[in-house]
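Below you'll find the structure, written out as structure tokens, and then a few comments.
A, B, ... follow the sequence lines: proteins, then strands. Residue 1 opens every chain.
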Amino acid sequence: MNRDLALGTSGAVIAGGYYWLAATIPDSALADAVGPQGLPIVYAVVLLLLSLILVARSLRTANLEPRTQALGSRIPAPGFHLPRVLGMLAIGVVYIAVVPWLGYVVSLAGLLFAVTWYLGGVISRTIAIVAVSGAIVFWLLFVRLLGIAHPTGVWGQLF
Amino acid sequence: MSTDVLLLIVPAAFGGVIWGIFGGALPGISPSITMALLLPLTYGMDPTAAIVMLAATYVGAEYGGSIPAILIRTPGTNAAAATVVDGYAMKEQGRAGEALGISLYSGFVGGLFGLGVVVLLAEPLSTVALAFTPPAYFALGVLGLSVIASLARESLVKGLMAGVLGLMIATIGTDPVTGVNRFTFGSPELLSGIPPILVMVGLFAVGELLAQSGEIGWRQAVPERARIRFPGPALWRRIALPQAIGSVIGAFEGMMPGGGGAVSSFLAYNEARRWSRRQDEFGRGSPEGIAAPEAANNTVACTALVPILSLGIPSSNSAAVLLGGFLLHGLIPGPMLFVSHSDVVTGLFAGLLAANIAMVIVGYLMMGPCIWLVSRPRPYLMAFIYALVVSGVYAIETSLFHVGVALVFGVVGYALRYFEVPLLPMVLGVVLGFMVESNYRRALVLSGGDHMTFLQDPVSAAFLTVALLFLLGSTARHALGTRRRRGAELPV
């Protein structure tokens, strides 16, 4: 499946789901002629049409490909590094999950360490020192200088 | 302007320029990403200082992009790509300091020219909008959305899809007319909708972080030390014409939808070569080849404000983030901004002047730290950017839910990059969605459901006509481009 076909199919699925959700929006006694469902339904239909156009175009291009060869080269899109992307996302999700308990500084040091290790592929004392120092600098900037209360976690109850 | 205001603006301008130069100097971090990273940090600031800081970041980033372009042959920003050609050639000849000096000085000249254009054009244009009615505001929103057509360079369908997805995101929350909850799934955090800032930080910053995560290693560039050398009188005279060419092209491109720094830089480079007496020097270390694109991209950083301030429509990614800054502080760009928040507008103009001066001072002093930063291993840089995103987004409303939303939009941004879908149409949809829907329905309520109201209102009719012409023109251009591409295909 080429990228345009995948995008068109995904768009059609999103349009269908969004249409279903829009159709179930409850009516209101204050409703105007268009109503709260009006434009969302229009958007869903437009997205569905655009998705179908993309699907049709990608299928036609796929049929032409064996017979023709493009002279000009297109700039390639970023590669599909799903494991890397999922790993980066997992680090963010874990940060969100642990920051209420471990507090801002410890969680952020963990995030800095995890991302540097994950992208660099090595573990060293330098990475740990940079991560802890970085977390302290961020704490000084956000909590002490800008006065934004980040979660203190269990440390807030201990001290 | 009072001393108190100046005491706010000048540090904000310097701070923004420092941030911008650092961000611009990092290859892969565009001005819009640099601004998006800063956006949450401005939340608690005075609105004028916040807007000045964001605009100054744009100014600084456009110069910052030329540093790695000249020193390590890697443009820090797309707009600096044209500077690589002659900048790196000059560096190879041992003239890196001279090249950096030309870049800084030309950026300063372009920035001042751009500021003049903004001051002259923004307010007169905005006065037109004083007569706006709900139909006119709806039509203005449609005109803004029609910009999508010119932004979708490769595929009009993909650009339109991204725009519609943005409009869909804008419908999340409480309905503007009836107060009914839409697409909130019982979550109280979604009742007020998804703030555009989360969409921008997610799409631009987190999305780029995810896209770059697959291409990281410990390799690092080793640039040589360089000391900026400003051009002498003879060189001033030589680069005056390319600077003028760059400034004029940048002024137009900055105001045009989809123009931006990259397009203007290459156009300026090309025109400067065409008008030069020393065409053969281009590509071999010509000072003119640096002056024209650098003047152009810094002019764009200022003139991109014209459509935002006068009509509230962003013309590029960076302009969209700047618009996000206005919205974050409860400022609605457009005609009323000049009436109700004239102090912010005046402060912004003064701040831009300060930013351009700051760029020369900071650019000169920060060369060492920039070279150090450019040569850091990428994993460290990515980790600190990630930390900045989660800390900054949390700071907006001290909400971890918002951090999660930004991560979700990061995935969306990555997916859009993967499918080669432009990001700005989605941002436009999110930013303009509420304006389009609320004014469309308000206009229909006032007219008793008569759609002719959109054609009977002269301003609305004019905007809709321009939007239609814009769409038709872009469609024709796309069709022509497709036919040409097909013409370039050979049977095997």
Side-chain angles (χ1 to χ4, degrees), chain A residues 3 6-7 11 14 18 21 25-26 28 30-36 39-40 43 46-47 50-51 53-54 57 67-72 77-81 84-85 87-89 91-93 95-96 99-100 108 111-112 115-116 119-122 130-131 134-135 138 142 146-150, chain B residues 41 44 154-155 157-158 160-161 164-165 167-168 171 175 177-180 182-183 206 209-211 213-218 377-380 382-384 386-388 390-391 394-395 398 400 403-404 407 410-411 414 417-421 436-437 440-441 444-445 449 485 488-492:
Chain A
R3 290 185 191 200
L7 177 65
I14 292 170
Y18 183 84
L21 288 170
I25 294 172
S28 164
L30 300 169
D32 53 332
V34 179
L39 283 183
Y43 296 156
V46 173
L47 183 63
L50 290 168
S51 303
I53 291 171
L54 197 62
R57 208 175 62 184
R67 288 185 285 114
T68 60
Q69 184 183 340
L71 274 181
F80 195 50
H81 310 284
R84 285 270 186 170
V85 172
M88 285 289 279
L89 271 177
I91 292 170
V93 172
Y95 171 83
I96 293 171
V99 73
L108 200 69
L111 180 138
L112 286 166
V115 174
T116 314
L119 297 180
V122 289
V130 170
F138 272 101
F142 280 93
L146 296 175
I148 296 155
H150 274 77
Chain B
L41 301 184
E154 281 288 318
S155 167
V157 175
K158 288 183 186 177
L160 292 173
M161 281 176 78
V164 175
L165 284 169
L167 289 171
M168 288 174 160
T171 60
D175 176 50
V177 176
T178 62
V180 168
R182 301 187 298 186
F183 313 108
V206 184
L209 205 62
L210 297 179
S213 66
E215 295 142 20
I216 297 287
W218 279 106
R378 300 283 286 166
Y380 281 129
M382 294 291 114
F384 276 82
Y386 208 163
L388 190 58
V390 296
S391 305
Y394 179 83
T398 58
L400 283 171
V403 180
L407 288 183
V411 177
Y414 175 77
R417 281 172 176 84
Y418 177 75
F419 289 119
E420 299 173 298
V421 179
V436 168
E437 182 175 12
Y440 171 68
R441 290 168 64 184
L444 286 180
V445 168
R485 276 199 297 275
E489 286 172 348
L490 284 176
V492 174

Distance-minimising heavy-atom pair for B:S391 and A:F138: OG-CD2, 4.1 Å
Contacting moiety of B:F384, where chain A heavy atoms sit under 4.5 Å: both
So what's closer than 4.5 Å to chain B heavy atoms on A:F142: side chain, backbone, both or neither? side chain
In terms of relative ring orientation, are B:Y394 and A:H150 parallel, tilted or perpendicular, with 30° and 60° separating the classes? tilted
Heavy-atom distances under 4.5 Å only: say whether A:L50 touches chain B with side chain, backbone, both or neither. both
Scanning both residues in full, the closest heavy-atom pair of B:Y414 with A:V85 reads CZ-CG2, 3.5 Å
Are any side-chain N or O atoms of A:Y43 and backbone N or O atoms of B:T171, one a donor and one an acceptor, separated by less than 3.5 Å? no
Which residue out of A:I14, A:L39, A:I148 racks up the most heavy-atom pairs below 4.5 Å with chain B? A:L39
Taking the side chain as every heavy atom from C-beta outward, state whether B:R441 and A:P36 have any pair of such atoms under 4.5 Å apart. yes
Return the minimal non-hydrogen interatomic distance between A:I96 and B:L407, and the atom names on each side. CD1-CD1, 3.8 Å
Could you check A:L7 against B:Y418 for side chain to side chain contact (heavy atoms under 4.5 Å, CB included), going step by step and ending with a plain yes or no? CA-CA 10 Å; A:L7 177 65; B:Y418 177 75; over 6 Å; no
Toward chain B, the part of A:I53 with a non-hydrogen atom under 4.5 Å: side chain
If I measure from the heavy atoms of chain B, does A:A135 come under 4.5 Å with its side chain, its backbone, both, or neither? neither
Testing the basics here: between B:E437 and A:P40, what is the closest heavy-atom pair and its distance to 0.1 Å? OE2-CD, 4.4 Å
Only pairs of heavy atoms separated by less than 4.5 Å count here; which of B:V436, B:T398, B:L388 has the most with chain A? B:L388
Please examine the side chains of A:V34 and B:V177, heavy atoms only from C-beta on, and report whether any two atoms are closer than 4.5 Å. no
When heavy-atom pairs shorter than 4.5 Å are enumerated against chain B, which of A:V130, A:V99, A:V46 gives the highest number? A:V130
Select one option (side chain, backbone, both, neither) describing which atoms of A:L111 are under 4.5 Å from chain B's heavy atoms. side chain
Could you look at B:V421 and say if it's the side chain, the backbone, both or neither that has a heavy atom under 4.5 Å from chain A? side chain
With a 4.5 angstrom heavy-atom cut-off, is it the side chain or the backbone of B:L167 that approaches chain A, or both, or neither? both
Region of A:Y95 in contact with chain B, defined by heavy-atom distances below 4.5 Å: side chain
Nearest heavy atoms of B:S213 and A:L119, plus distance in Å: O-CD2, 3.6 Å
Of the backbone (N, CA, C, O) and the side chain (C-beta and beyond), which part of B:V180 lies under 4.5 Å from a heavy atom of chain A, both, or neither? side chain
Using heavy-atom distances under 4.5 Å, tell me whether A:L47 contacts chain B through its side chain, its backbone, both, or neither. both
Taking it one step at a time, do B:V390 and A:L108 satisfy side chain to side chain contact (heavy atoms under 4.5 Å, CB included)? CA-CA 9 Å; B:V390 296; A:L108 200 69; 3.9 Å; yes
Shortest non-hydrogen pair, B:A383 vs A:L112, comes out as O-CD2, 3.4 Å
